[in-house]
Amino acid sequence: MTKLSTSAKVYLAMVFIVLYAPIFYLVFYSFNSGGSMNSFESFTLEHYKAVFEDSRLLVILINTVIVALLSALISTIIGTLGAIGIVTVKDAKMRNTLLSLNNVLIVSPDVIIGASFLILFTMVGIKLGFASVLLAHVAFSVPIVVLMVLPKLLEMNKSLIDAALDLGATKKDIMMRVILPYIQPGIFAGFFLALTYSLDDFAVTFFVTGNGFSTLSVEIYSMARAGISLTVNAISGLVFFVTVFVVIGYYFITSRASKRTEGQQ
Amino acid sequence: MKQLIQATIAILVVSALLMYAADAMSAGGGKSGKDTLTIFNWGEYIDPDLLKQFEKETGIHVIYETFDSNEAMMTKIQQGGTAYDIAVPSEYMIEKMKEEDLLIPLDKTKIPNIKNIDPYFLDLPFDDNNKYSVPYFWGTVGIVYNPSLVGDLDFSSWEDLWDSSLKRKVFLVDGAREVIGMGLNSLGYSLNSLEDSELRQATDKLITLAPNVKAIIGDEITPLMINNEAAVALTWSGQAADMMYENEELDFAVPEEGSNLWFDNMVIPKTSKNIDGAHAFINFMLDADSSAANADYVGYSTPNTAAMDLMDEEVVTDERYYPSEEQRDTLEVYKNLGPDYLGKYNELFLEFKMSIR
């Protein structure tokens with residue numbers, strides 16, 4: 001890689017400052033004993049304590065994580081199979097149509113998706129709650145996973161499959177030992193993207209929550225009506241730290257994987 | 001491949017553990033059984049200790065959910081899906097819900113504590129004889145301002161908003177009824193006016209306010225006023241109370257010409273599965289002690305006279321939140337205007353918005 005020029009470095013630094021400043025501002029005030037974001041009085045952990053004492057808020061936080069993990073997992077499985085399916089379609093026109101249909105779901109407004117799910121679930125008779133939220137999250141994550149896995153599949157050399165066939169591999173072998181390992185980085189990327197989509201989704205989730213089941217985004221939104229209290233800052237801070245850890249974990253998984261493949265070569 | 005399987009198993013194990021944790025934690029809040037009560041309320045609009053106390057006293061497990069707008073609340077109730085036993089809509093929404101046949105008439109014999117409510121707040125046009133609703137909190141629309149930034153204006157009259165010293169200093173709440181209503185009030189008309197000429201005059205008058213208007217926004221007004229980034233804002237008394245709690249410099253005034261009187265009310269939606277429990281909850285909330293505790297926590301004005309006797313003298317005699325009888329006579333509750341006039345109000349509000357540059 002060529003070295004960045006000074007102006008490029010400054011520009012990059014500016015972009016990162018703009019992106020991270022609001023988060024740091026928010027996290028900074030979560031340690032404020034003053035009770036508001038006007039002025040910083042002194043350091044305190046009372047808002048974090050308040051989060052951990054509020055069992056309702058904690059349950060909501062845990063629910064949010066469960067929904068995110070499970071919906072990301074399920075949509076990754078469905079999306080990966082879907083991407084493989086789309087690639088194997090021979091007719092180019094048909095394949096493009098399928099891809100466009102996939103993309104339409106990504107760009108359609110969340111509010112509309114949410115409202116249609118609400119109507120569908122109540123019509124079919126699915127009780128609003130954990131199941132409905134999970135289903136909705138899976139549904140809007142699948143197209144994203146498809147989009148993340150697809151480039152890897154297209155990039156894969158078809159001769160790999162031919163070679164495997166020549167060596168006597170069965171269909172199952174090809175799937176397990178050739179295709180899936182090859183597209184693994186795409187699968188992980190899709191999983192993590194689905195995870196973040198699920199974590200921060202408000203509009204869709206708002207429509208399909210019910211019966212005491214709620215997620216963090218919905219809860220914070222209705223809390224914010226009375227002005228953002230520092231408990232919100234504290235919980236947002238916690239989520240931010242967890243996300244950072246997840247990203248670091250993801251980095252280690254991928255770098256270990258790439259080292260291993262390098263070692264094999 | 002091995003990695004994919006490992007990752008999948010890891011995710012499943014973590015999810016299972018988290019589910020177990022969540023389950024253990026919510027069990028601490030009370031045994032969940034057939035006897036549950038699902039409450040749908042605005043965010044941060046109840047003292048959480050009261051829910052615990054109610055659970056303890058009655059043995060009914062409470063599921064508490066929140067919404068952020070009347071419209072969203074009604075959509076969820078209309079669609080079913082969740083069996084809400086209690087909802088807390090504002091007065092105009094109650095009229096709509098009545099029209100859509102979404103509410104269950106209240107059995108007054110099960111709510112003896114309704115005697116605690118000030119008769120002034122009962123039997124109002126949106127719900128004759130309180131057939132479907134009992135008041136929860138109430139308030140007004142007025143002007144919150146920072147005295148150090150507005151000179152000697154005290155906003156005892158709506159005219160003060162037009163003062164030339166307030167150029168680009170006024171925030172308005174983004175609501176057609178509130179803003180057009182203010183225009184009508186400033187001319188001495190009713191804020192439920194159905195006279196086209198009055199509405200025209202009010203809009204024309206509002207357009208002359210345009211140079212003073214800095215922005216028309218929603219809940220974001222709260223942090224802006226708290227941080228002294230704005231001098232004057234038209235908003236609801238409850239929101240003003242929040243701002244003044246955070247920033248003691250601020251003051252609130254309801255102009256003499258009159259203004260809006262709003263209500264949030266407890267109702268029992270048709271979806272209710274625990275009607276007895278819902279009545280018990282309403283009665284519990286109307287109890288003097290719980291009303292007082294709730295008003296202390298939430299900071300809005302309570303319609304409960306028995307509770308006011310228990311509350312801090314300074315709070316309940318504060319005429320900014322508990323207006324004098326004399327001023328009360330100038331306040332009006334929104335009437336349902338019907339779709340035609342509602343559309344007209346929205347159109348005029350849009351015209352006013354477009355005049356702001």
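Naming: A, B, ... by sequence-line order, numbering from 1 per chain.
For A/Leu118, the parts sitting under 4.5 Å from any heavy atom of chain B are the backbone and the side chain alike. For chain B, the nearby part of A/Leu73 is the side chain; its heavy atoms alone come within less than 4.5 Å. The contact between A/Phe130 and chain B is made entirely by side chain atoms (from C-beta outward), counting heavy-atom distances below 4.5 Å. Residue B/Thr38: no heavy atom, backbone or side chain, is found under 4.5 Å from chain A. Within the 4.5 angstrom heavy-atom criterion, only backbone atoms of B/Ala83 (N, CA, C, O) approach chain A. Contact of A/Ile126 with chain B is not made at all, since no heavy-atom distance falls under 4.5 Å.
For B/Phe284, the CZ atom is densely surrounded, since the number of other residues' heavy atoms within 6.0 Å is greater than 12. The number of heavy-atom neighbours closer than 6.0 Å to CD of B/Glu248, taken from other residues, nucleotides and ligands shown, is 12 or below. More than 12 heavy atoms of other residues, nucleotides or ligands sit less than 6.0 Å from atom NZ of B/Lys270.
In this structure, CG in A/Leu70 is found 5.0 Å from CE in B/Met19, a value given to the nearest 0.5 Å. Atom OG1 of A/Thr76 sits about 7.0 Å away from atom CD1 of B/Ile11, to the nearest 0.5 Å. For the atom pair CG (A/Leu180) and CG (B/Leu4), the distance works out to 6.0 Å, reported to the nearest 0.5 Å.
B/Lys76 places a side-chain N or O within donor-acceptor distance of the main-chain N or O of A/Thr209, the cut-off being under 3.5 Å.
When the options A/Leu61, A/Thr64, A/Ile66, A/Asn63 are evaluated for a side chain to side chain contact (heavy atoms under 4.5 Å, CB included) with B/Leu18, the one that passes is A/Ile66.
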